[in-house]
Amino acid sequence: MSTNPRAPKYVFGPVPSRRLGRSLGIDTVPAKTCNWNCVYCQLGRSHPLTNERKEYFPVEAILAEVRARLAALSPDPIDWITFVASGEGTLHSRIGELVREVKRLSDQPVAVITNGSLLHLAAVREELAAADTVLPTLDAGDPDLFRRINRPHRQLTFEQHVAGIEAFARMKPRGRLWIEVMLVAGLNDSEPALRRLAAVLKHIGPDEIHLTLPSRCPVELWVRPPDAAGVQRAQSILGVKASLTPPPAMLAATGHAAPVEPDLVAIVTRHPLRRADLASLFADWPTTRINALVADLLAAGRIQIVERFGEPFVVAAGLRYPKWNAAIDNETGT
Ligand code: SF4
């Protein structure tokens, strides 16, 4: 039951991932601690918006949970162990030790999903080099669009961001750098914007380019995915390495099982879910049990329901969505 006070804090899943199959997630920072405040972020506004690296959670506590969860899963297969934070995971100052120790604990490949904003630091590049795959974000090919989409901390610049990813690309073995591009209608789906982005990506030379769409609970109400023509334009301009990541609706068809011990709060702290998708996540639960779980967690103030695209999404309590949390409706977002 998800209200278990001993429920995991740092490790969640395994959950079906759009890119990484059945993935055990590791979180390294409190929700929603980030140095960007992306308009499409599914976890609400960044609070705090910070660029400070420190040991947000004790390394030993994280690793104790990883060991326990791996032991509980055995021999249940997972495809990946993924560092995917409810903010920016590389803000954790000991991320390198965590990656190396997780590699030692498991034979499964380790991925790090990051906005890539700290790759300009040689220390961070060294820390992430131990991962099997690193997935940084690059949504824009120019400084203005970068600021408008990602709304970074004032210490961070577009030039620095691109230089960091380029430097990392030069030190990673082939096959290990996958760039994520979130397409947002009216921002980076025009031909000029895509051509600028393509030029930067060509210079970086990633192994794969993953196009994603803001289909899951974007923080800003006006954010929309591009139409079919916009997606096709992106694929054609960004080239053969670019492919569209399957939408969450396709996850049910992958045959991956639900979490071993479903902890809805742990999952939605990192991945908001459509209310309608709970049935496929907890496939062996009757509807009455799912409804009771949601009602209990709402009553306990552990989750909230946020509407986007006319649909209800289950998200963690405390995340900040304008036009939903009245107190932040007037924030500028940066
Ligand atoms: S999408 Fe990622 S990088 Fe952007 S604000 Fe959210 S957590 Fe930070």
Side-chain angles (χ1 to χ4, degrees), residues 17-20 34 36-46 84 113-117 135-152 158 161-162 165 178-204 206-253 271-274 276-277 306-313 315 321-324 333-334:
S17 156
R18 290 191 280 188
R19 294 142 298 186
L20 299 165
C34 195
W36 286 6
N37 189 23
C38 304
V39 294
Y40 55 74
C41 186
Q42 59 184 7
L43 298 175
R45 295 253 177 95
S46 296
V84 51
I113 296 179
T114 169
N115 62 18
S117 59
L135 298 89
T137 298
L138 184 67
D139 299 321
D142 63 84
D144 177 56
L145 200 50
F146 170 68
R147 277 191 299 273
R148 286 165 60 205
I149 297 177
N150 303 116
R151 304 189 298 196
F158 172 74
H161 183 57
V162 171
I165 299 178
W178 304 347
I179 301 267
E180 301 219 296
V181 179
M182 180 70 84
L183 296 172
V184 181
L187 286 178
N188 60 356
D189 64 339
S190 69
E191 181 170 342
L194 287 165
R195 292 215 178 279
R196 286 193 290 274
L197 180 57
V200 176
L201 284 167
K202 187 173 174 195
H203 203 63
I204 293 171
D207 303 292
E208 298 178 19
I209 299 168
H210 295 180
L211 306 178
T212 54
L213 304 177
S215 53
R216 206 162 40 173
C217 209
V219 58
E220 303 303 343
L221 281 155
W222 48 265
V223 167
R224 294 282 179 276
D227 58 17
V231 174
Q232 198 174 12
R233 187 162 49 242
Q235 284 184 297
S236 112
I237 292 176
L238 299 182
V240 291
K241 287 182 183 172
S243 62
L244 187 64
T245 302
M250 290 176 66
L251 291 174
H271 298 288
L273 293 170
R274 281 188 178 78
D277 284 345
V306 170
E307 245 184 64
R308 288 293 186 270
F309 311 125
E311 269 193 276
F313 286 80
V315 305
Y321 295 85
K323 301 290 179 229
W324 195 257
T334 48

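Given the structure is predicted, the values throughout are model-derived calculations rather than measurements.
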Inset, instruction - Given side chain to side chain contact (heavy atoms under 4.5 Å, CB included), test Met182 with Glu180 step by step and report yes or no. - result: CA-CA 7 Å; Met182 180 70 84; Glu180 301 219 296; over 6 Å; no
Inset, instruction - Answer yes or no: is there a side-chain heavy-atom contact under 4.5 Å between Val306 and Cys217? - result: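 The answer is yes, as the side chains (C-beta and beyond) meet within the 4.5 Å cut-off.
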Please give me the minimum heavy-atom distance between [X] and [Y], naming the atom from each residue.
X: Phe158; Y: Asp142; value: CZ-N, 3.4 Å
X: Arg148; Y: Val39; value: O-CG1, 3.5 Å
X: Pro226; Y: Leu183; value: CD-O, 3.4 Å
X: Pro152; Y: Phe146; value: CG-CE2, 3.5 Å
X: Cys34; Y: Ser46; value: CB-OG, 3.6 Å

Legend entry - Chi angles and distances behind the side chain to side chain contact (heavy atoms under 4.5 Å, CB included) call for Leu213, Val231: CA-CA 9 Å; Leu213 304 177; Val231 174; 4.1 Å; yes
Legend entry - Partner of Asp139 under side chain to side chain donor-acceptor pair (under 3.5 Å), chosen from Thr212, Asn150, Asn188: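 Among the candidates, only Asn150 passes.
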Inset, instruction - Could you walk me through whether Arg45 and Tyr321 pass the side chain to side chain contact (heavy atoms under 4.5 Å, CB included) test, one step at a time? - result: CA-CA 6 Å; Arg45 295 253 177 95; Tyr321 295 85; over 6 Å; no
Inset, instruction - Salt-bridge test for Arg308 and Glu220: reply yes if a basic N is under 4.0 Å from a carboxylate O, no otherwise. - result: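 Salt bridge flag = no for Glu220 with Arg308.
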Inset, instruction - Taking only Lys NZ, Arg NE, NH1 and NH2, and the carboxylate oxygens of Asp or Glu, determine whether Arg274 and Glu311 approach each other closer than 4.0 Å. - result: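 Answer for the salt bridge query: yes.
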Legend entry - Mutual orientation of the aromatic rings belonging to Trp36 and His161 [parallel < 30°, tilted 30-60°, perpendicular > 60°]: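 Plane angle over 60°, so perpendicular.
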Legend entry - Positive for side-chain contact (heavy atoms from CB on, under 4.5 Å) with Leu201, one of Leu194, Ile237, Ile179: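 Per the side-chain contact (heavy atoms from CB on, under 4.5 Å) rule, the option paired with Leu201 is Ile179, out of Leu194, Ile237, Ile179.
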Inset, instruction - Could you check Trp178 against Asp207 for side chain to side chain contact (heavy atoms under 4.5 Å, CB included), going step by step and ending with a plain yes or no? - result: CA-CA 6 Å; Trp178 304 347; Asp207 303 292; 4.2 Å; yes
